[in-house]
Structure formats: C-alpha cells, structure tokens
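So that the names make sense, note that chain A is the first sequence line, chain B the second, and so on, each numbered from 1.
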2 protein chains.
Amino acid sequence: MNQPLYETVKQHVLDHIRDGSWQVGDKIPSENELVRDLSVSRMTANRALRELSKEGFLLREHGRGTFVAPRRVSGHPLEVRSIAEEIRARGEKYSMSLLLREDKEGCLDILQEMSLPNKSKLIHITLVHKADGVPMQLEDRYVHSTLAPELMHLDFSNISPTDYLLNKVPLHQAEHIVRAGMPTATIAAALEMPESEAVLIIYRRTFSDSGVASIAKLYHPGSRFELSGAFQGEG
Amino acid sequence: MNQPLYETVKQHVLDHIRDGSWQVGDKIPSENELVRDLSVSRMTANRALRELSKEGFLLREHGRGTFVAPRRVSGHPLEVRSIAEEIRARGEKYSMSLLLREDKEGCLDILQEMSLPNKSKLIHITLVHKADGVPMQLEDRYVHSTLAPELMHLDFSNISPTDYLLNKVPLHQAEHIVRAGMPTATIAAALEMPESEAVLIIYRRTFSDSGVASIAKLYHPGSRFELSGAFQGEG
DNA sequence: AAGTGGTCTAGACCACTGC
DNA sequence: CAGTGGTCTAGACCACTTT
C-alpha cells in the first residue's frame, strides 16, 4: 500500500473502465462523490481525475461532469515491419537468442508507464535478433501477462515473442519514440559492437483493446540498421 | 491576466530558462523559495514545477532540488514538418546560421541520387537550426535549381530554405531514412556537441510533380532530439 | 438554486538528501 | 540537522451548466 492516494483513486477509476462498468461516454462520479466514497480530500480526487484526463482516459467538461473518453483511433501511413520479416526479406537467415525471461511483479515504474494496476503481473523478456548470425536488434520487452501468460513457457525456436504477440493480440495503436544514443557496455556486448559506435533506439508502446499491451526498448547497431519509409508529404 | 496562478509560475520559470539566466543543469529555486518570491502557496508552486517536469523542462530529485533539463526537440516522422515550427511550438526562440550556399554543377553522384540529367544545376545549402541558440539540426541540402533558382539570393533571415521550399514547391511524396551514427569533427563542431556522442541522421528525398525536388541530410545531436509519433507497428 | 469542475490557500506529515 | 520534494487535507471562492 506504499502508493500515493491519488494513484489509488486513478486505479479505482481505471478499474471500472476496464471491467466495463463505466462505458465510453458514461458520466463517472463527480469529485465530491469520490471524496465521499473513497474518503479522500477533494484535491486528491481532483488530481487523479485531472491526470487521467491529460492521459486521455477521461474527458472533463466544466459544469457538466467527467466522462469516459472514446478510444483513440489510428491512421498512420508509416509501417514498421517486424524485424524477422525484414531480415528474411533481404534473403538473410533469421535467428535469435533468448537472454532473459522472468516474471516481474510489483515493478511500479514500469506498471505506471503502462497505466496498469499495481498488482498486474508482467513478463520481462530480453532477446537478440540476428541476421546470418550477426546481431541486429536487442529487444527488451515487458508484456502484460494476462494477455499472453503462455509467453512464459513458449518455445521460441519457431516463432519469436514479437510475432507471437502480433498474431495473438489484436493491436490498434502503437506509439514510437526514436532516438540516437550510445550503448552501455552490456548492450554493446550483446550486439557484438564497439562501445564507441552509435545505437538507434526505438521505444515502443503498443495498445490493445484493454489498454497498454506491452512496452519495448529496441536497440540497433547504428552501422547495421536503418529505418526507412516512403510516405506522403503534407506541405 | 485571467490565467491560473500556476500557469504564471510556469511561465516565470520558462522565462528564466529561455533568457538564459537558468542554464541547463542549473538548480532552480525550491518550492519554498518560489512561495516567498511570487507570493503563492506551496501547492501552487508544486503544481507548476510538477507539470514542467512532466513536460520535460525540469528534472526533480527528491531531497536534492529541481534542475533545468537538457533540451530535447521532437519531430514527427510522418510529416515533412519544418524544424523551425517544432522549435517554436515548444516555446523556444528559433534561429539559424547559414554555413554555405553555392551553385553546384556536374556533381554526378548527387545528380544520380536525384535521378536528374547530368547537366542539371543544383543549389547546395548548409545551415544550422537552433533553439534558444543551441544547435538542434545541421541541414545539408541539394535543391534542383530550376524549381527555385531564387534560393541562391534569398534572404534567409525571415524564412528558412525549408519553409520557403514547402510553400513554393508542392510536394507529392517524401522518402525518409533514419540512422544513428557518429559525427565527423566538422559536424560535431557545427552542432556544438562532443564527437563521442551519437547523432540521429535523417536522409530525406522530396518529390514534386517533375521528380526529385531536393535531397537533404539532417544531423541531430542524439541528446537533444528525438522522433516521436504514433503509427502502425508490429507488436 | 444546485451541482460541477478549476483553482488557491495554509498548514501538515513524510522520506530523502546533504552537511 | 536543515532543506528539499511528495503528498494530503479542509475549507474556500469562482465560473460554468443544468434544472
């Protein structure tokens, strides 16, 4: 219970949205009702609702009330293909090695990044994707375990966790941040690259019906990987 | 003047960051000092600093203090959006310096990249885009000179070549390649960054009715720039 | 008029950091 | 130890919307 009160209030609201008791468009309890029901001060209720509103879960209207926000819709011209596909498309042999697979509970910072309840279980996977035996991507991924608990025991020799998730969980949105940076010693070693060389980092959050499905940090040796795409210019 | 107090406090802090009186890494006044100096309650000062921290302008450390965060401009990979806009959208002062402007003829390798006849004339422009005086992007651009010959003599103090091109030449398509790499000494110097730090490189070809309009190599300091956007991914 | 969100205050307790 | 950010409260005033 070592969590801020406003965080508890946020989870309370998110729980009701997730389990369907508050549907999209529904009016949810007012700040004063939350004050009464949860025995918190109004400032605490206010902060919870304000943050959820900024995060896109709620819509607030002055004088009217607070409502469950419609889900975000996606329209994105740019397509990022699976790394395994990409490698095979170039005629190279795809392989990968699993570095780590563990259950993770009570990891509050990650759970908060994923806007998941504090008791949610995560599966943490780290693996390296290779083309003709040469490392191309280090994938460090957290998955909401209720979406695919069998990931914990799945044999990855035939299908990668990425491809498995793609098939199993219908996604409707992804959020990407792309950066250039320098590798840690561990990352450089895993990617078999010098520490003095740049890495291209993709931070990705994927959303399913029920919220954030997984977050991944993808590290690529700068000399062996590039993102490319042709798309419309707006002007 | 009908603005929330916490917003005034935020602007107060941003003003000091923008005018340089509080530099990156500097410790800024504590909540209690702001309470004294601006005659606001601590909750108000707290909300201002908390929001600025979430927005990426400040870093807060429990028990130590609040510090000016390193800059990081973010661009959208889906659109050909001008860096000047991005910087202004963040509320920072845009400026740029022209490093080179020359006519270029018989440069076969570039002409080939642009699929242009061997006798075509090109305009070669190199400039640095800055946010509050800090370099964010080195732009190295070749333009098919028949599309905008006046670029050679245009005064760039009011409009950047990028913005000018966006207005003048209707673009149909753009092709992007994103890479991470290490800067040359020249590039590092122009961007005022260490040579040991990574750069994010965007290689862009833009197409007009009549074919390739221009190609550009855009170099960004990895620590100050990121690409972000929501688009379709694989999982 | 009653209910809602938006803001603000003064004071409080805590955990963490530095000296 | 004093200073910092992190949180929480009880009560207040306001502007807006619905009845």
Considering only side-chain heavy atoms of B:Asn32, which listed nucleotide, D:dT4, C:dT9, C:dT4, is closest?
-> D:dT4

Is the A:Trp22 ring parallel, tilted or perpendicular to the A:His12 ring (thresholds 30°, 60°)?
-> perpendicular

Straight-line distance of A:Arg141 CZ to A:Ile123 CD1, nearest 0.5 Å = 11.5 Å

Determine: side-chain N/O of A:Arg60 to OP1/OP2 of C:dG6, distance under 4.0 Å, yes or no.
-> yes

Under 3.5 Å, which N/O atoms of the protein pair with N/O atoms of nucleotides 16-19 of chain D?
none

So among A:Asp103, A:Leu100, A:Val143, which one has a side chain to side chain contact (heavy atoms under 4.5 Å, CB included) with A:His124?
-> A:Leu100

Please figure out whether A:Met43 or B:Thr66 has its closest DNA chain D nucleotide nearer the 5' end.
-> B:Thr66

Going by heavy atoms in the side chains, are A:Glu197 and A:Arg224 under 4.5 Å from each other?
-> no

Please work out if A:Arg50 contacts a base, only the sugar-phosphate, or nothing of the nucleic acid, heavy-atom cut-off 4.0 Å.
-> nothing

Look at all strands and tell whether A:Arg47 reaches a base, only sugar-phosphate, or nothing, counting heavy atoms closer than 4.0 Å.
-> sugar-phosphate

Taken to the nearest 0.5 Å, the spacing of A:Ile125 CD1 from A:Asp140 CG works out to 10.0 Å

Could you tell me which non-hydrogen atom of A:Leu200 sits nearest to which non-hydrogen atom of B:Arg179, and how far apart they are?
-> CD1-C, 3.9 Å

